[in-house]
Amino acid sequence: MDNGTNNGVQKVDVVIIGSGASGLQCASDLKDNTELSFVILEARDRVGGRIYSTLEERTKPDQGASVSFYRDHGASWIHGVGEEGNKNPVIQLLQDCDPDADDVVPIFQGNAWMRPMSILHNEGGLAIFVNKERIPNNSVTVDEALQRHFVIQKKICEYAGQMFEDGEGMKTVHMSAEEARVAVLREEKAQSGGNYVLNAAVEGLCLFYTFLNENWNGISNSMLPLYALYDGDDNQDLNDHTYSNQGDYPGAHCKLKNGMRSVLDPLVSQLEGKILLEQQVDKIIRLDDSVRIESSSGLVTIADCCICTLPLGCLKAAASSIFQPSMTCEKLEALSAISAGNYKKVFLTFSTIFWPIDEPLIGLIREDNEPDKKGKYLLVNNLWAKDGIPCMEAVLCGELGEWALGKRTEELTQFVIQFLEDAMPIENVEELCTHCHVTRWEEDPYTYGSYSSFQLGTLERHVDALSSSEWDGRLIFAGEATESEHMGSVHAALISGHRATRLVQQFFDSKEMPRSPNRC
C-alpha cells in the first residue's frame, strides 16, 4: 500500500490506533466526510478487535450430516434494534449497507437479562433447572420468585432514594448493589418482629434473577455501585413490562446469521490500503507540531492528530510506558476507576443433545454447601441446539469470571460439566463432551479485558476524563469504555468513532492546517 513512507517513516494527517469497531467507524467517517489522509495501525493479524467471528463445522447427532455456523468469540449481541429516530447504530450501519438484508435474527423482544418476567418467562425464553429438576415457567415458584425479586428491587431503589433525599447520594457510589440488598433484607427481618420465614426455593430463584444482573453488567453485584441500579424512580411497578434504558436500545435483542464480524464488513470494504496489520504500537510521542507513533515492526508514523482506540485493559497496563509525555492525572485516575471486565465463554460440543432446544437461555441452580464447588448459579447460551447443532455456551462473568481468570481450559470444562450434572437430570456428561473452547480476552495482551463497566467508585467524571482529548486536541480517545450511557457494547464503540471524527474535524478547523502534499 502507498502510505507516503520514506525509509520506514510514513506521514499522514491522522493516525488511528486499533481496527476495532470504533477505529473502523472513525476511519469510514474520515473517508466519507473529509479529505484528510489517514492510516490505521492494528497490532493483530486481523481487524475487528473484540469482534471475532469464526466459521465452525459440527456433525448433527441425529443425521450424521455436517453443518456450518458462525460463532462469536467476543461481542455477539445487538442490544435492542431501536426505533424510528433512535435506531441502534449497529442496525443503522447494516441497513445503510443493505436495506434488504435478512442477517438480523431477533432472539428476545427486549432485555432478557434485566426483564426476567416479560421477556424470559412470559415469552418462553428461559429453561431453568434447580437441583436436577426443571422448573416450569408457569409454576407458582416462578411467580412468587419474580414478585419477590421486584419487591426487593423496589426496596433497594427506595433505600438509594433515601440516601439522595438525605443529601448522602455519594454513598451510592461506594456502596455495592449486594451491600444494599443485604441491608434491605436485614431491615425486612427486623420489621417482621422475628416472624421472618423464607421459602428456600423462592429465595434461591429470586437470587438467580439478581445473578442475571451480573451477566448484563459484566461485573459482580458486590462490585456494582448501588447508583447503577437507581434511576431516580422510587415508585417502580412490581413488573418489568416496559422498557427502561439499561445501556441498550428499545426493541428486539438480536444475533447475526453471519456473526458480528458482518457488522464491520461495510466499513472494512471501503478502507482498502488504509489498514496496516501486525503493527503493535510501542510509543506515542508528542512533538512540537505533530505526534510520533513507533511500532514494534520499526515503522514510524508522523501525524498531526492521533486517535487512540486501545481497549481499556491495554491502557491500564501500558499507560505509563506508551505515552510521552504521560497522560493527565485525571485520565490516569479514570483508568483505575473503570472496570475492564471479566467475561469468559466456555463453548462446549457434545455427541448428543440432552437439553431443551427451544429456549435461548438455560439457567442452572445447584446447592452450594459443598466447599469444593464454586458458585450456585450458571447461565448458558442455548442458540444452536434448535438447528440440531450439539453445542452450548456457558458464561463465566462477575464473581465466576474473576475466579476463572488464568484457569486452564480443562479445569473450566470440568467446572461446567459438573454444574450441568448438579443442576440437570443427567449423569456422565464428561463422556458426551467432545470439544471445548474458552475465550480469554482478559489474558489477551491486545485487550486485557472483555468489556468495560462501572465499578465501586466510578463516577461520570471518570468517563468524561477518559474520553477527553489531550495534547491540545492532537490525542483523541475512542472506544466502548469512553461512552458512559452505552459502555460495554458494540454500539458504544460505533458512537465513539463518530465522536472522534467530529473532534478531528474540530482540531483541523481550529488550526486551519493545510494538508501536506507528500501525504497520501
Distance from [X] atom [atom1] to [Y] atom [atom2], nearest 0.5 Å?
X: Leu400; Y: Asn342; atom1: CG; atom2: CG; value: 11.0 Å
X: Trp384; Y: Asn382; atom1: CH2; atom2: CG; value: 8.0 Å
X: Leu383; Y: Asp72; atom1: CG; atom2: CG; value: 10.0 Å
X: Lys132; Y: Leu364; atom1: NZ; atom2: CG; value: 11.0 Å
X: Ile275; Y: Ile40; atom1: CD1; atom2: CD1; value: 4.5 Å

* Run through Ser496, Ser452, Ser22 and flag the one making a side chain to side chain donor-acceptor pair (under 3.5 Å) with Glu480. =>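 The single option meeting the side chain to side chain donor-acceptor pair (under 3.5 Å) with Glu480 is Ser452.
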
* To do: Take atom CD of Glu430 as the centre, draw a 6.0 Å sphere, and report whether it contains more than 12 heavy atoms from other residues, nucleotides or ligands.
  =>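 Result for CD/Glu430: open.
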
* Asked: Taking atom NZ of Lys316 as the centre, does the number of heavy atoms from other residues, nucleotides or ligands within less than 6.0 Å exceed 12?
  -> yes

* Would you call Glu187 and Lys189 a salt bridge, taking side-chain N to carboxylate O under 4.0 Å as the test? -> no

* Asked: Any ion pair linking Lys257 and Asp102 (charged N to carboxylate O, less than 4.0 Å)?
  -> yes

* Asked: What pair of heavy atoms forms the shortest contact from Tyr227 to Thr458, and how long is it?
  ->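 It is OH-O, 2.5 Å.
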
Distance-only polar pair, side chains of [X] and [Y], donor-acceptor under 3.5 Å:
X: Ser453; Y: Asn217; value: no
X: Asn381; Y: Glu393; value: yes
X: Ser295; Y: Ser297; value: no

* Measure the acute angle between the ring planes of Trp77 and Trp113, then classify it against the limits of 30° and 60° as parallel, tilted or perpendicular. => perpendicular

* **Parallel, tilted or perpendicular, as decided by the 30° and 60° cut-offs, for the rings of His437 and His73** =>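 If you compare the ring of His73 with that of His437, the planes turn out perpendicular.
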
* Pair Trp403 and Phe415, ring centroids less than 6.0 Å apart ->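 Yes, the ring of Trp403 comes within the 6.0 Å limit of the ring of Phe415, centre to centre.
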
Over-ring placement of [X] relative to [Y], 6.0 Å and 45° cut-offs:
X: Arg50; Y: Tyr451; value: no
X: Lys331; Y: Phe477; value: yes
X: Arg261; Y: Tyr52; value: no

* To do: Dump the intermediate steps for ring-ring contact (aromatic ring centres under 6.0 Å, His included) on His79 and Tyr249, then the final yes or no.
  => CA-CA 6 Å; His79 287 302; Tyr249 280 81; over 10 Å; no

* **pair Val90-Leu494: side-chain heavy atoms closer than 4.5 Å** =>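 In short, these two side chains touch, coming nearer than 4.5 Å.
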
* To do: Quickly, which of Ile16, Thr309, Leu271, Val263 forms a side chain to side chain contact (heavy atoms under 4.5 Å, CB included) with Leu24? Name it, please.
  => Leu271

